[in-house]
Every structure is written in C-alpha cells, then in structure tokens.
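Here is the structure we will look at, set down as structure tokens.
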Amino acid sequence: MTHLFSFLLSVIIVTYYVATAVVYGQQTHYFEFNVTREIIDPDCSGYAGGKLLVNGQLPGPTLAVTAGDYVKILVRNLLPVSEAVQFLGLAANDGHHLGQITIHYHGIHQYGSPASDGTPFLTQDPIPPQQSYLYEFKVINQAGTYFYHAHTATYSESVFGPFIIYESVHARPRPQFRDTDKGGDVEQKLIAGPYYYDDERTIILSEWWHRTAEDLSAYVLGPNYTGIPQAPSILLNGHTLYDPTQQPVGSDCSGYSVISVDPKKTYRIRIISAAIFQTLGLAFAHHNVTIIEVDGTLVQPYDVPFLELSTAQRVSVLLRPIKTNYQQQGDYAISTVRRWIDLNTNRSSNGLAVLRYTPTTTTTTTTISSTTSQLRRQEQQTVFSVPDERFAFPPEVAYWHWPGIAPIYPVPDFVDHRTEPSRTIVLRVTTGMLPNGATRWFVNGVSFTDPKETILTTILSARTTATAASEGNNKSLLPHPDQLTENGYYSYRGTYPIKYMEVIDFVFQLTHLPNRPCTGHPWHTHGHTFWELAHGPGRYNGSNANNYYSVPHPYGRDVSLVYPLEDPAIEEEAAASSEPRECGWARVRILADNPGIWNVHCHIEPHMTAGMMIALEEAPDLLQTLYG
C-alpha cells in the first residue's frame, strides 16, 4: 500500500507541477552530521563562547545531489548529557529544546517522507545529547538552491549549510580535466533550464552574536526581552572582520572570504540567507547581476543592481565580468547592509567579502570535498582588506523588485486567477505579554507551544489527546467542522487541519501596538511551494479585487517577506484605542498535495521560538496509509 500511495502521489505532483526540464538521477547519497560545541571566532573579535557546529565547520558541509536522488543523513548530537541537564533550568518553555537538535532541509518538500522534515514535536522528537536520528527522503521534482539548518532554539545561527539540487548532470560542476590530445583543459559548460554558464559559486549569509545560542534564546523567551539585538557581525561564507579598523584578534584569524572568478567567464552565484533575524541587502561593486532563480524556481532573466534577502530566502544570479577588465586581475567589494529595521537603528554592516578576478592560469588551491564531490576553490592567501569603493544602497522600497520577476514556465492551473480557493485562512499576528512579563507572539490569539506528544506520532498511532473519548475516538482523526474555529483552528491538537488536494489561501496579516513600530515578517511554508497572489498596506479585505490578485506574475516560492506598511486611515481610526492595528498583509496559495504535519511560521527564529507559527495537519488519514 505504501508503494502504491507513493506512486499515485508522484503522478499527482507531475500533473500539478509543470516540468522544469530536470533529468532525474537515481543515486543514493549518504551523509553524516556530527553536531558538537566548538570555540570559534569567525569575525576575529576575540569572542570565545562555544557554538554548535556541523562537522566542526561554519558553514556546515555543502550537500550536493541531483534531482531524483535519494538522500540519507545521519545526525548525531554529540553534546554531553550534562549540558542538557544544565540547560533545563535556564529557560523552561516549550520550543526551547536547549541541548537538543533537529535539522530542517529548507524548501525540500519531503513528499512521502514527512518524518524527515526536521520540525521538533511536529514530525519528530528533538535529538537529545548522545543520540542520533536518520533522515531519509527522495528529492522529487525539485532543483535549485536550498539549505539546511537547525530547528531548535536559536541554534540555526551556526548550524546551517548549503543544499544544492542540480537539475541534471549537465548542471553539476565537474573538476576540469586534462585533455592530453589537445594539450589543455577542457572547459565545462553548465546548463539549468535555458541558462548556460561556465561555473558557479555559493555565498551564504549569516549573523554572529557574541553570546551563546542558549543565552540568546533565554533572553528572547524571558521577562527582560525588549527586542531582538542586532548581531555584532554579518558573515559571508562564515567570515568577516568585526572591526576592520582594529588589529584582528587571534592567530587563526582568516579575514574576509574571497570569491575568485575568471574574468573571461560567466558564473552562477547562488546566494543563501541563513540569517535568523535581519533582512539584508547585498551588492557587488560595479556589477549588476541577473536573477535566474528564486527559492528553487527558475525565473525569467531580471537585472538588478543589488539584492534584498530576508531570512531563508535564496536566489541565483548570473555574474558577468566587467568587459574592460577581461585580461586584468582585480578586487571588487561585496558588501551588505541591514534593511527594514527601526529608523533609529544603524543600517551599516561589517558583512564584507572580496570578488577577485583571477585568470585560471593563476595558482589556486583546488580540492574536491569528500562528502559532497563538489568542486571548491579557495585562495591560498588570507585577506584583511576590502576595496573602499562600494555600492551605495538606496533607501528601502516596499516589495523591492519581487513583483517584476516572472517564472519561466507556466504556473499550475490552481494558481490561475479564475480558480477560487477551497478556503482562505487568515493568520492575524499580534504580540502580548505572559503573566511573568515575557513577550510572546500570537497567531489568531494562540501562541504556539509544543504538544505533549509529537503530532505525527499521535496520528500514526491513531490516538488523540485526552479529548479522544469526547471525539468518539475517531480513527481517521478528521475533526468535525463544528470542532474548528472560524479560521479552521483545531484546539484539541493545536493544528489547522486541511484536506487532501484542497486549494488553500493563507493571508498573513501584520499588526502593531500603538506607539510601537510595525515590523515585517518573512513567512515560510514547510512541505509546500506557495504562490504570492496579492499584498498591500493596512488591513486585508477579501471583497476588494485589488486585495485578491495584485501580484502581476506569481511564481513558486517558500519564503516571502510581509512588508510593514501602515494605512493612515487605520492609524487615524484607531488613534484613541490601545488595540493592535493592521499594518500590512500578503496572500499566498498552496495546493494540499502532500500529506503530513507541516510548520508555517515566521522565519525570524526568535519570533518563531516565541510562538509565531502554526501547524498544518494535512490529510491525516492518508498519513496512516503512507506509513501503514
């Protein structure tokens, strides 16, 4: 029965997700992640607190597979048991999981493998110290730029790494090999959909706090919380200088990351934001770039002078060298800036790296990772300076260039504006205080807390909570409509149940309190690609046509920043009220084609940890069949 279900599911996926010219592989890849606590100083600041790392690396190792491959990842939590005991009293709160770990493979749909999604107490129990967990899944009809990260506490600050899915063997970089007959290197030409390029590079952005993840989590969830502090450093590929005006601290300081490119070639640059809080701008001095991929979706070429990425967003761009420098070596600044923050907060960033024109005849160190077989090139020298001439970022503009981007391939029929959703679920976000003075985020009046038992376990064992008897011990676990709130919330299990193949529209509605700024939130859907159909300021109104379809070219994504945009009329109307005021919204659509328990949450990790998330309970009866 399991194999039959998987086959039918694959047929449905191919039917509803148009072909993206991928040539499927059938390899099985085995990876091992050993999570340990290490003392590292990636910004050369002298901070010596311990951080969790994967295989002792920051970022963690790159995972590289081809569409259609099988993946098995054994994650070992090698922290000592004593740490978990130590942290028990630090901040008692569901969602904290100090000393425990799960790994989420961001953007991977996990068709037929929801137990490998890596969400604590939704799909698995978190891995305690000295224990392990095996993630197993097949990459089904997906290709592009993804990443993995921890999904407990704020450990994703340092537990993360790239996850690249190549469209075919023709898109996968290969070490250049010697053609002895021709007496030279044979050049590779890579292809992804309609795009050709010579090679690729990856830049992964992250934040670095001079405090432990446990301390940061305890602050976020405790009574002294007054807002997320800015990270002292922004890292590019795990490096920067905390204060470039001072002598770097430490004999092992490695300075800035260097991205080396041949001035005669075109490169696909995969850019991943593994930041857990800040929306960042990124630019290459004197270079425009051409966007060709967003969150795993190939898009029509779109030229931009700089990029704007909120947490967990990914793009691929084509970088072409400056024509006048074809035969020259030279350095160009890669710079970042903080965006969409309080007006009184400094937007500057020490997140810098070097784009270096280096003809392939120049000596470089070439190694092939034993875990990924992915070509890596690194400059032999350590770099402590970045060119002074840098891109001048313009002020923030709502929605950046996102509405101008369009997909290459037609969108599925259910995204068409003539198709009505099965239902619309409005998720209204507010903030509030617990009796002890701690701040929590609420979605439709509920701040998410962990269930007493992992929800997937509950469903697969055909049991409910203590209310099973009053529910008639319904073995299918499908609640009666009378048991749901107006927005579809099922309080017995703390979920939003949805039926198989429903077309669901989610509206993410922001609010703010009087005399407090409205803040943006990047929302992420596990297990599904979504299509953003509309967005706007103030309050969502479903009867307004402009609130229904306003995005000109919807394309598949898994993260979208809901921009903070106040409506003057609402602000005036509520001037004398202490109630929250609506200040921006976005409407997205999914197809419920993936039975499982799926997280939908703000990807600012401290917000998610403090309750800004929901659990989708999708087709529980088919889950029982899948695992039966």
Side-chain angles (χ1 to χ4, degrees), residues 2-3 5-7 9-10 13-14 17 20 22-35 54-55 57 59-77 101-120 122-124 127 132-151 156 159-169 171-173 192 200 202 204 270 272 274 295-296 312 314 368-376 456 526-529 558 594-599 626-627:
T2 299
H3 295 298
F5 178 79
S6 297
F7 171 75
L9 185 61
S10 299
I13 294 166
V14 171
Y17 289 89
T20 56
V22 295
V23 179
Y24 293 107
Q26 291 293 327
Q27 289 186 318
T28 299
H29 300 268
Y30 300 91
F31 304 101
E32 294 186 4
F33 285 175
N34 295 313
V35 178
V54 176
N55 297 353
Q57 302 176 34
T62 297
L63 305 188
V65 304
T66 303
D69 284 349
Y70 294 87
V71 180
K72 295 187 178 184
I73 305 169
L74 179 64
V75 176
R76 298 186 185 93
N77 182 348
I101 200 79
T102 67
I103 303 292
H104 171 55
Y105 306 92
H106 183 105
I108 308 301
H109 290 154
Q110 300 292 355
Y111 284 114
S113 54
S116 290
D117 189 54
T119 310
L122 269 62
T123 62
Q124 71 169 100
I127 309 167
S132 63
Y133 188 89
L134 180 64
Y135 297 91
E136 301 180 85
F137 54 92
K138 182 179 181 180
V139 178
I140 298 178
N141 203 50
Q142 287 186 270
T145 306
Y146 304 89
F147 75 117
Y148 60 86
H149 61 83
H151 218 288
S156 56
V159 177
F160 64 86
F163 193 141
I164 309 302
I165 305 174
Y166 292 105
E167 290 81 353
S168 71
V169 295
R172 187 164 186 156
E200 67 173 47
T202 299
I204 189 162
R270 299 178 185 267
I272 302 167
D295 290 358
R314 295 94 57 213
I368 302 176
S369 168
S370 60
T371 58
T372 67
S373 297
Q374 184 183 33
L375 180 65
R376 297 173 180 268
L456 184 59
H526 287 222
H528 300 83
T529 294
D558 58 57
N594 193 8
I597 307 300
W598 307 114
N599 204 186
L626 172 63
Y627 284 97

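Computed from a predicted structure; not experimentally measured.
- Note that OG1 of Thr102 and CD1 of Ile127 are 7.0 Å apart. Values are rounded to the nearest 0.5 Å.
- For Thr119, the side-chain hydrogen bond (donor to acceptor under 3.5 Å, both in side chains) partners are Asp117, His526, not counting sequence neighbours.
- Pro59 and Gly161 make their closest contact through CB-CA, 4.4 Å (heavy atoms, listed as atom of the first residue, atom of the second, distance).
- Residue Phe31 holds its CZ atom at 4.5 Å from CG of Leu63, rounded to the nearest 0.5 Å.
- Two residues are said to be in side-chain contact when any heavy atoms from C-beta on lie closer than 4.5 Å; Tyr105 and Val71 fail this criterion.
- Nearest heavy-atom pair, Ile165 versus Ala67, reported as atom, atom and distance to 0.1 Å: CG2-N, 3.7 Å.
- The distance from the NE2 atom of His528 to the NE2 atom of His109 is 8.0 Å, given to the nearest 0.5 Å.
- When the ring pair (Phe, Tyr, Trp, His ring centres under 6.0 Å) test is applied to Phe33, the partners found at least two apart in sequence or on another chain are Tyr148.
- Remark: the backbone N or O of Arg76 is not paired with any side-chain donor or acceptor of Asn34 at under 3.5 angstrom.
- By the side-chain contact (heavy atoms from CB on, under 4.5 Å) test, Ala312 is found to be paired with His106, Phe147, Val559, His603, residues two or more places apart in sequence or in another chain being considered.
- In this structure, CG in Asn599 is found 5.0 Å from NE2 in His151, a value given to the nearest 0.5 Å.
- In this view, Ser113 and Gln110 satisfy the side-chain hydrogen bond (donor to acceptor under 3.5 Å, both in side chains) rule, not counting sequence neighbours.
- For the salt bridge (charged side-chain N to carboxylate O under 4.0 Å, His left out) test, residues two or more places apart in sequence or in another chain that qualify with Asp295 are Arg314.
- Note that OH of Tyr111 is 8.0 Å distant from CG of Asn141, once rounded to the nearest 0.5 Å.
- Within the 3.5 Å criterion, the main-chain N or O of Thr28 finds no donor-acceptor partner in the side chain of Asp69.
- The nearest pair of heavy atoms linking Thr123 to Gly118 is OG1-N, 3.5 Å.
- Under the 4.5 Å side-chain criterion, counting only non-hydrogen atoms from C-beta, Gln26 is in contact with Lys138.
- Nearest heavy atom pair, residue Pro114 against residue Leu626, reads CD-CD2, 4.0 Å.
- The closest donor-acceptor contact from the side chain of Asn55 to the backbone of Glu32 lies under 3.5 Å.
- Qualifying ring pair (Phe, Tyr, Trp, His ring centres under 6.0 Å) partners for Tyr146, counting only residues two or more places apart in sequence or in other chains: none.
- Using a 4.5 Å heavy-atom threshold, the side chains of Leu74 and Tyr30 count as separate.
- Here the straight-line distance linking atom CD of Glu167 with atom OG1 of Thr66 works out to 9.5 Å at 0.5 Å rounding.
- Scanning for side-chain hydrogen bond (donor to acceptor under 3.5 Å, both in side chains) contacts around Tyr135 gives Gln124, with sequence neighbours left out.
- Between Gly60 and Pro162, the closest heavy-atom pair is O-CD, 3.9 Å.
- Between Ile164 and Thr145 the shortest side-chain heavy-atom distance falls below 4.5 Å.
- Checking side-chain atoms of Ser116 against main-chain N and O of Glu136 turns up a donor-acceptor pair under 3.5 Å.
- The side-chain hydrogen bond (donor to acceptor under 3.5 Å, both in side chains) test applied to Ser156 returns no partner, not counting sequence neighbours.
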Inset, instruction - Starting from the C-alpha separation in whole Å, work towards a yes-or-no answer on side-chain contact (heavy atoms from CB on, under 4.5 Å) for Gln142 and Ile108. - result: CA-CA 8 Å; Gln142 287 186 270; Ile108 308 301; 4.1 Å; yes
